[in-house]
Amino acid sequence: MIQSYKQNPTVQENYDTIIIGSGMGAMATGAILAKEGQKVLILERHYTAGGFTHIFKRKGYEWDVGIHYIGEVQRKGSVMKSLFDYITDGQLKWADIGNVYDRIIIGDKSYDFVKGVKNFKKQLVSYFPEEEKAINDYIGLVFKAVKTSRNYYISKALPPVLNALIGGFMKRPFYKLADKTTYEVLKSLTDNEALIKVLCGQYGDYGLPPKQSSFYMHASVVRHYFDGGSFPIGGSSQIVKTIDPVIAAAGGTILINAEVAEVIIENNTAKGVKMSDGKTFYAKNIISNAGIMTTYNKLLPENIVAKHQLKAQLQKVKRSVAHVSLYVGFEESPEALNLPKTNHWIYPKDGDHDSCVNRYLKDINQEFPMVYLSFPSAKDPDWSNRYPDKSTIDIITLVPYETFEPWAGSRWKKRGADYEALKEKIAQRLLAELYKQIPQVEGKVKYYELSTPLTTQHFVNYEKGEIYGLDHSPSRFRQDFLKPKTPIKNFYLTGQDIVTAGVGGALFAGVLTAMAITGKNVLKKVIK
Ligand SMILES: Cc1cc2nc3c(=O)[nH]c(=O)nc-3n(C[C@H](O)[C@H](O)[C@H](O)COP(=O)(O)OP(=O)(O)OC[C@H]3O[C@@H](n4cnc5c(N)ncnc54)[C@H](O)[C@@H]3O)c2cc1C
């Protein structure tokens with residue numbers, strides 16, 4: 001049972017493993033370790049568990065923060081579906097969001113990404129008939145990049161000696177495509193910039209435009225959604241609700257309102273954690289799901305950070321983008337408003353993605369480089385049972401953290417009139433984008449609230465509001481330290497930073513961390 005640290009929770013005398021943070025990576029690691037018989041304590045600083053899978057409720061509505069669609073979970077036998085079934089004892093159910101999972105809108109043209117790789121290809125060829133070969137070759141490279149990633153990731157969980165022996169060999173094929181940018185690979189297939197712009201229409205899923213992102217990251221997202229997108233029935237909060245009993249069955253506990261201040265380390269061995277109120281918990285293994293930046297900058301003692309030159313490691317990676325999200329509420333059902341399930345990605349008519357992003361990052365009054373519309377209430381078949389005659393829409397765009405930096409250090413809800421005025425200006429711009437695409441909702445908005453990078457900082461503890469942890473550039477995938485094992489004995493990492501952003505990435509990070517701790521190939525068990 002999820003309990004609040006502030007309300008005298010029932011805790012065990014001893015835990016086998018403590019996990020800092022309760023994101024997807026933490027929940028997956030915790031559930032797998034629980035199935036291996038471990039008593040796990042998950043400590044979450046927020047008032048609700050789940051990391052970016054958490055929901056929040058306001059004025060009779062509910063919004064999902066970091067889940068709009070997940071791929072590969074409808075297909076029986078897929079690794080993703082098997083993993084979710086394993087860690088939730090089959091209790092988490094998914095709703096297919098339909099044939100067209102993403103619509104890419106560029107100026108006044110729109111392009112549908114259709115479920116099923118053959119349909120995807122056919123649809124794209126219908127838009128760009130002269131590019132059939134390039135499209136075919138592109139799909140081949142997407143599969144190739146993803147295929148070569150398997151050994152790359154498995155090598156991250158190998159014991160150091162084995163990794164030294166065969167790790168390089170396992171990773172080499174992966175680097176062939178991961179070392180290149182998305183644009184480099186696409187440009188090698190076609191000179192058609194319009195096609196390239198469409199193919200990169202999901203770059204918002206990892207936050208980095210094609211001239212900066214690794215082709216592997218692009219391919220992994222594209223491949224992930226080839227079979228369509230799905231949404232958790234009952235909303236994202238079902239993820240933690242269905243994992244909690246699995247952890248509890250082995251004597252484990254999830255505590256919310258439980259902020260860890262520091263990892264306790266003696267003789268270069270992690271022993272426990274000190275909470276922000278000074279209390280301590282001890283366990284054999286300590287795992288951080290708080291992101292590598294927060295972990296190394298804030299949670300480890302300075303002498304340990306210096307001893308292992310961990311700050312030098314952080315210099316080699318960059319934080320991902322920050323975002324604003326407008327949560328909008330209506331007092332009519334999704335059916336009455338005729339809301340689609342398809343995600344809408346809206347891009348400027350002119351310029352490639354990189355130049356649109358660069359122009360906007362210099363001056364956010366320029367055209368948004370990307371606006372994303374998601375319709376969670378329409379995607380969830382259980383929504384109207386919980387919220388009859390209501391619906392919600394999320395509208396997201398990128399924003400530099402620096403835009404909101406002047407208010408850093410101010411308190412949530414008390415950041416002042418000029419902060420609110422800036423938010424209002426952005427909110428109105430985003431609503432105008434919504435009305436262009438979904439005109440039937442104009443005049444019907446009953447509630448809206450804009451989150452900023454400071455909201456992400458406040459609730460999920462990413463220092464600069466970076467939504468995807470680390471940037472997914474080619475060099476990120478060259479960093480050997482982005483793996484479960486750290487130079488500190490019994491201290492491990494999990495979550496999006498050691499694999500990739502995305503619920504699937506964080507979930508798989510959970511598998512790798514559980515493998516590194518137990519020394520067992522838990523994946524074999526899951527797939528069986
Ligand atoms: C707007 C948005 C939309 C997204 N949409 C999708 C989508 O449609 N599909 C998809 O697959 N992915 C999506 N993602 C990405 C996905 O949600 C994340 O990549 C994934 O959930 C990250 O999981 P994680 O395990 O790294 O942990 P996180 O979710 O990052 O959680 C880390 C947790 O650690 C806690 N923590 C930090 N410091 C401490 C401390 N000192 N003490 C205790 N706890 C601490 C934090 O409060 C947080 O709960 C989206 C993300 C965002 C932001």
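Just so you know, ligand 1 is whichever comes first in the structure, and atom 1 is the first atom listed for that ligand.
Heavy-atom distances between Ser276 and ligand 1 stay at or above 4.0 Å for every pair. Residue Leu299 places a heavy atom less than 4.0 Å from ligand 1.
Regarding atom 49 (O) of ligand 1, its nearest protein heavy-atom neighbour is Glu44 OE1, 2.6 Å. Of the protein's heavy atoms, His68 N, 2.7 Å lies nearest to atom 8 (O) of ligand 1. Of the protein's heavy atoms, Gln496 OE1, 3.5 Å lies nearest to atom 22 (C) of ligand 1. Here the protein heavy atom with the shortest distance to atom 50 (C) of ligand 1 is Gly66 O, 3.1 Å. When hydrogens are left out, the protein atom nearest atom 46 (C) of ligand 1 is Val460 O, 3.4 Å; that is the closest non-hydrogen contact. Asn289 O, 3.3 Å is the protein heavy atom nearest to atom 32 (C) of ligand 1. Protein heavy atom in closest approach to atom 23 (O) of ligand 1: Ala506 CB, 3.5 Å. Scanning all protein heavy atoms for the shortest distance to atom 38 (N) of ligand 1 gives Asn461 ND2, 2.8 Å.
The residue among Glu262, Arg45, Glu463 with a heavy atom at the shortest distance from atom 45 (C) of ligand 1 is Arg45. Across the listed options Ala290, Gly505, Gly51, Ala290 owns the non-hydrogen atom lying nearest to atom 37 (C) of ligand 1. Of the listed residues (Thr48, Val65, Ile467, Ile67), the one carrying the non-hydrogen atom nearest atom 2 (C) of ligand 1 is Val65.
At under 3.5 Å, a nitrogen or oxygen of Tyr69, whether backbone or side chain, sits near a nitrogen or oxygen of ligand 1. At a 3.5 angstrom cut-off on N or O pairs, Val260 counts as close to ligand 1. Where the criterion is an N or O separation shorter than 3.5 Å, residue side chain and backbone included, Asp497 fails it with respect to ligand 1. Of the N or O atoms in Tyr462, one or more lie within a sub-3.5 Å distance of an N or O in ligand 1. For ligand 1, one of its N or O atoms has an N or O atom of Val503 under 3.5 Å away. Considering both main-chain and side-chain atoms, Phe52 comes within under 3.5 Å of ligand 1 through a nitrogen or oxygen pair. Between Gly502 and ligand 1, at least one N/O pair is under 3.5 Å apart.
In this structure, Phe174 has its ring center closer than 6.0 angstrom to the ring center of Tyr216. Side-chain rings of His68 and Phe375 stay apart, their centers remaining 6.0 Å or farther from each other.
Counted within 6.0 Å of NZ on Lys413, heavy atoms from surrounding residues, nucleotides or ligands total more than 12; the atom is thus considered enclosed.
Between Lys284 and Asp16 there is no salt bridge, since none of the side-chain N atoms of the basic residue sits less than 4.0 Å from a carboxylate O of the acidic one. The residues Asp480 and Lys156 are annotated as not salt-bridged, no charged nitrogen and carboxylate oxygen being separated by less than 4.0 angstrom. Look at Arg319 and Glu463 and you find a salt bridge, because one of the NZ, NE, NH1 or NH2 atoms lies within 4.0 Å of a carboxylate O, short of that distance. Comment: Lys81 does not engage Glu72 in a salt bridge, judged by the lack of any side-chain N to carboxylate O separation of less than 4.0 angstrom. Salt-bridge annotation for Asp96 and Lys115: present, with a side-chain N of the basic residue lying under 4.0 Å from a carboxylate O of the acidic one. Using a 4.0 Å cut-off between a side-chain N of Lys or Arg and a carboxylate O of Asp or Glu, Lys76 and Asp85 do not qualify as a salt bridge.
For the residue pair Tyr47 and Ile256, the shortest heavy atom distance occurs at O-CD1, 3.2 Å.
For Phe459, every heavy-atom contact with ligand 1 shorter than 4.0 Å involves the backbone, none the side chain. Contacts with ligand 1 closer than 4.0 Å are made by backbone heavy atoms (N, CA, C, O) of Leu43 only, the side chain lying farther away. In His323, the part holding a heavy atom less than 4.0 Å from any atom of ligand 1 is the side chain. Contacts of Tyr372 with ligand 1, taken as heavy-atom pairs under 4.0 Å, are absent altogether. By the criterion of a heavy-atom distance under 4.0 Å, neither the backbone nor the side chain of Ser325 is placed next to ligand 1.
Ring geometry for Tyr69 versus Tyr225: interplanar angle under 30°, hence parallel rather than tilted (30 to 60°). Under the 30°/60° scheme for interplanar angles, the aromatic rings of Tyr347 and Trp345 are found to lie parallel.
Interface atoms of ligand 1 facing Gly495, defined by a heavy-atom separation under 4.0 Å, are 25 (O), 26 (O). Within ligand 1, the atoms closer than 4.0 Å to a non-hydrogen atom of Tyr225 are 9 (N), numbered from 1 in the order shown. Interface of Gly25 with ligand 1, defined as ligand atoms under 4.0 Å from a residue heavy atom, comprises 25 (O).
Geometrically, Arg58 does not engage Tyr447 in a cation-pi contact defined by less than 6.0 Å to the ring centre and at most 45° from the axis.
By the 4.5 Å heavy-atom criterion applied to side chains, Leu454 and Arg415 are counted as neighbours.
With hydrogens and angles disregarded, a donor-acceptor distance shorter than 3.5 Å links the side chain of Ser214 to the backbone of Ala178.
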